[in-house]
Amino acid sequence: NQKMKKIILFKILVLCLLISCRTHEAVVQKPENEMPAWVGSRPVTPDYYIGVGMAKKTGQSDNYISIARNNALNDLVSEISIQVSGNSMLYQFDNRSELKEEFKTYTNTSIKENLEGYELAASWGNDYEYWVFYKLSKKTYAAIKAKKLDDIKKRALAYYENAVEYEENTDYSNAIIFYLKAFDVIKKNLADDLSIFSPTKGSINLGSEIYNSVQSILKNINLKPEPEKLFVSLSTPINQQIVVNAICRKSGIPTPVSNLPLRFSFAKSKSSLNELIITNQKGEAILSTAKVTSKGKLQQIKAVLDVETMMGDIEKDNFSRQLFAFESNLPDCRIMVEVEGKKAFMIMEEWDFDSLSKRKTIGNGFKKELAEKMFSFTDNKEKADVTVRISSRTSKGAYLEKNDLYLVYVDCEISITDNKTEAEIFSNGFTNLKGMQIRDYENALKDAQQKALQKISSEIIPEMNNIEF
């Protein structure tokens, strides 16, 4: 009947509408792996530090997840700015930019290694990339940091009080060691307010107090060698003990410093020496054996406080090294060593243009440098160990009229003969070394001679140091 047809028609219309709506929903529904907004645009949340990191899935690497997480942590740490407290000891080093940069790098690494309280907010990936989103509540970070800082100051204060006691008892070596232990506890927090109450000193800033205490002791330690000068033969063991006395005058009374590690070495020399000696109860460090193997006639043995040894098992990072092992801050001394070189007989043949030179500028300059660095010269060939021969000749080149320049060329040959075996043990030289000057050939000659001596000094004499006599 008519009524039934209307009901059936109505139901068909409703069914069509429902199908239409579901179809529409299917069309507008988001894809399951659609890129989230935080990947395309960095989130900004005032109450959180944010870290977003990505790693490519390409290549052979299958650790893209850990790489993305590490990148996200680095990004998170970069948001945590280091605020330097108004009374931080770092303000003492405004003129040492390299130290401040080292501290910044060291602190960023430390923040990452000790970061707590962050959480994984989200992650996402496709066939090519993997993304990680970390966040850290600023309130949580501040609370954790405050608690840690309080614990750090208390631990450092205990070491500091031990150091003060050692210093008052003039045990300066142990005082330095315990000051360094106290510094090791606080060094990651030097930008923070390290104020604390000390039972012995009252209200102090731990950073400044520890650093200044160490520097005060170092400044008052004096190293005095006995003897101050030695006379030795090349490649012969030094048969005389070198005693370095360590004295500290901080208390006003000269006090021997025992248990102080001193590092002995040759300064600016190829002679081999790297000896660590601890001062005895009299404050003496005794060097018993050393040998000069480098051919320099004047050398130095250097003794310097070895701070890294005093650090013991303390982490030896670059920041701590630059702060305490800064060379100009460390007590040191030098022992002059005059080396008796091989005896040499010299033969010089020098031509200035077409005539024998009377001045022998090149030959005499060469001999002078050898006398300072290598040989003791004699006029008696029979008493000499070696014969050194230098032959040089200068010749006129062109005159460049346009520039009013005169050119002069130098040829030079140098040889050394072992007088005992009559064998040539060294030979070197150069040709067509050019000198030039205005006005005349005499000026050009002087320029050529000067350049010849420079070349001999910088290239030939260093090679002569490698001769095995």
Side-chain angles (χ1 to χ4, degrees), residues 229-238 265-274 290-302 334 336-352 356-357 359-394 409-435 446-469:
K229 189 171 185 178
L230 291 170
F231 298 90
V232 301
S233 297
L234 185 66
S235 299
T236 302
I238 297 173
S265 62
F266 277 96
K268 300 177 182 179
S269 167
K270 293 182 180 179
S271 293
S272 178
L273 176 63
N274 185 21
K291 181 188 289 188
V292 178
T293 56
S294 177
K295 297 179 177 64
K297 287 193 69 176
L298 289 177
Q299 300 184 42
Q300 295 178 342
I301 294 177
K302 178 181 179 181
R334 302 191 181 221
M336 298 301 299
V337 181
E338 188 168 324
V339 183
E340 182 183 1
K342 294 283 185 180
K343 285 186 169 57
F345 178 75
M346 187 83 168
I347 298 174
M348 287 183 273
E349 184 180 290
E350 188 165 336
W351 291 78
D352 291 342
L356 281 170
S357 173
R359 294 189 295 260
K360 296 183 179 178
T361 304
I362 298 174
N364 283 320
F366 177 50
K367 182 178 180 180
K368 181 175 182 292
E369 188 162 357
L370 287 182
E372 292 171 355
K373 295 181 177 180
M374 287 190 66
F375 296 123
S376 298
F377 282 98
T378 176
D379 292 331
N380 188 338
K381 185 177 180 180
E382 293 181 358
K383 293 182 178 180
D385 300 298
V386 296
T387 297
V388 180
R389 180 185 295 273
I390 179 169
S391 175
S392 63
R393 180 181 292 271
T394 56
Y409 294 93
V410 185
D411 298 337
C412 183
E413 293 180 3
I414 293 172
S415 65
I416 300 177
T417 302
D418 186 318
N419 287 351
K420 187 175 182 180
T421 64
E422 296 186 352
E424 185 176 81
I425 57 176
F426 180 83
S427 178
N428 204 336
F430 49 86
T431 59
N432 293 323
L433 181 66
K434 182 169 63 177
K446 291 176 183 177
D447 182 60
Q449 291 169 335
Q450 188 63 35
K451 288 177 178 175
L453 287 171
Q454 289 172 356
K455 188 174 182 68
I456 290 170
S457 178
S458 63
E459 297 179 20
I460 295 180
I461 290 181
E463 282 190 31
M464 292 171 65
N465 277 317
N466 297 322
I467 302 172
E468 294 292 337
F469 291 117

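- With sequence neighbours excluded, the residues that form a side chain to side chain contact (heavy atoms under 4.5 Å, CB included) with Arg389 are Ile347, Ser415.
- Here the CD-CG distance, from Gln449 to Leu433, works out to 11.0 Å after rounding to the nearest 0.5 Å.
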Side chain to side chain contact (heavy atoms under 4.5 Å, CB included), that's the test. Do Thr431 and Tyr409 meet it? Break it down for me. CA-CA 8 Å; Thr431 59; Tyr409 294 93; over 6 Å; no

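- Ile238 places a side-chain heavy atom less than 4.5 Å from the side chain of Ile301.
- The side chain to side chain donor-acceptor pair (under 3.5 Å) check on Lys420 picks up nothing, with sequence neighbours excluded.
- Evaluation of the side chain to side chain contact (heavy atoms under 4.5 Å, CB included) rule for Thr421 yields Asp418, Ala423 as partners, not counting sequence neighbours.
- Taking the side chain to side chain contact (heavy atoms under 4.5 Å, CB included) definition, one finds that Ser427 meets it with Glu424, sequence neighbours left out.
- Counting only residues at least two apart or on different chains, the salt bridge (Lys or Arg N to Asp or Glu O under 4.0 Å) pairs with a member in residues 362-373 are Lys368-Glu372, Glu369-Lys373.
- Atom OG of Ser392 and atom CZ of Phe366 lie 11.0 Å apart (nearest 0.5 Å).
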Evaluate side chain to side chain contact (heavy atoms under 4.5 Å, CB included) for Asp411 paired with Phe430, printing each intermediate quantity in order. CA-CA 6 Å; Asp411 298 337; Phe430 49 86; over 6 Å; no

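- Put simply, NZ on Lys360 and CH2 on Trp351 are 11.5 Å apart, with the number rounded to the nearest 0.5 Å.
- Residues satisfying the side chain to side chain donor-acceptor pair (under 3.5 Å) test with Ser391, not counting sequence neighbours, are none.
- Checking side-chain atoms of Gln299 against main-chain N and O of Phe266 turns up no donor-acceptor pair under 3.5 Å.
- Residues that satisfy the side chain to side chain donor-acceptor pair (under 3.5 Å) test with Thr387, not counting sequence neighbours, are Asn419.
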Show me, pair by pair, the donor-acceptor contacts under 3.5 angstrom made by side chains of residues 376-385, not counting sequence neighbours?
| residue | atom | partner | partner atom | Å |
| --- | --- | --- | --- | --- |
| Thr378 | OG1 | Asn380 | N | 3.1 |
| Asn380 | OD1 | Glu382 | N | 3.0 |
| Asp385 | OD2 | Lys343 | N | 2.9 |

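- Evaluation of the side chain to side chain contact (heavy atoms under 4.5 Å, CB included) rule for Thr394 yields Asp352, Phe353, Val408, Val410, Leu445 as partners, not counting sequence neighbours.
- In this structure, Ile456 and Pro462 approach most closely via the heavy-atom pair O-CD, 4.3 Å.
- Note that CD1 of Ile467 and CE of Met374 are 5.0 Å apart. Values are rounded to the nearest 0.5 Å.
- Using a 4.5 Å heavy-atom threshold, the side chains of Phe426 and Glu463 count as touching.
- Going from atom CD of Gln450 over to atom CD1 of Ile362 covers 10.0 Å, rounded to the nearest 0.5 Å.
- Panel note: side chain Glu350, backbone Gly363; a donor-acceptor pair is recorded below 3.5 Å.
- For Glu338, the salt bridge (charged side-chain N to carboxylate O under 4.0 Å, His left out) partners two or more places apart in sequence, or in a different chain, are Lys229.
- Taking the side chain to side chain donor-acceptor pair (under 3.5 Å) definition, one finds that Gln454 meets it with nothing, sequence neighbours left out.
- For the salt bridge (Lys or Arg N to Asp or Glu O under 4.0 Å) condition, the pairs that include at least one residue of residues 446-458, sequence neighbours left out, are Asp447-Lys451, Lys455-Glu459.
- Side-chain contact between Ile390 and Met346 is present, with at least one heavy-atom pair separated by less than 4.5 Å.
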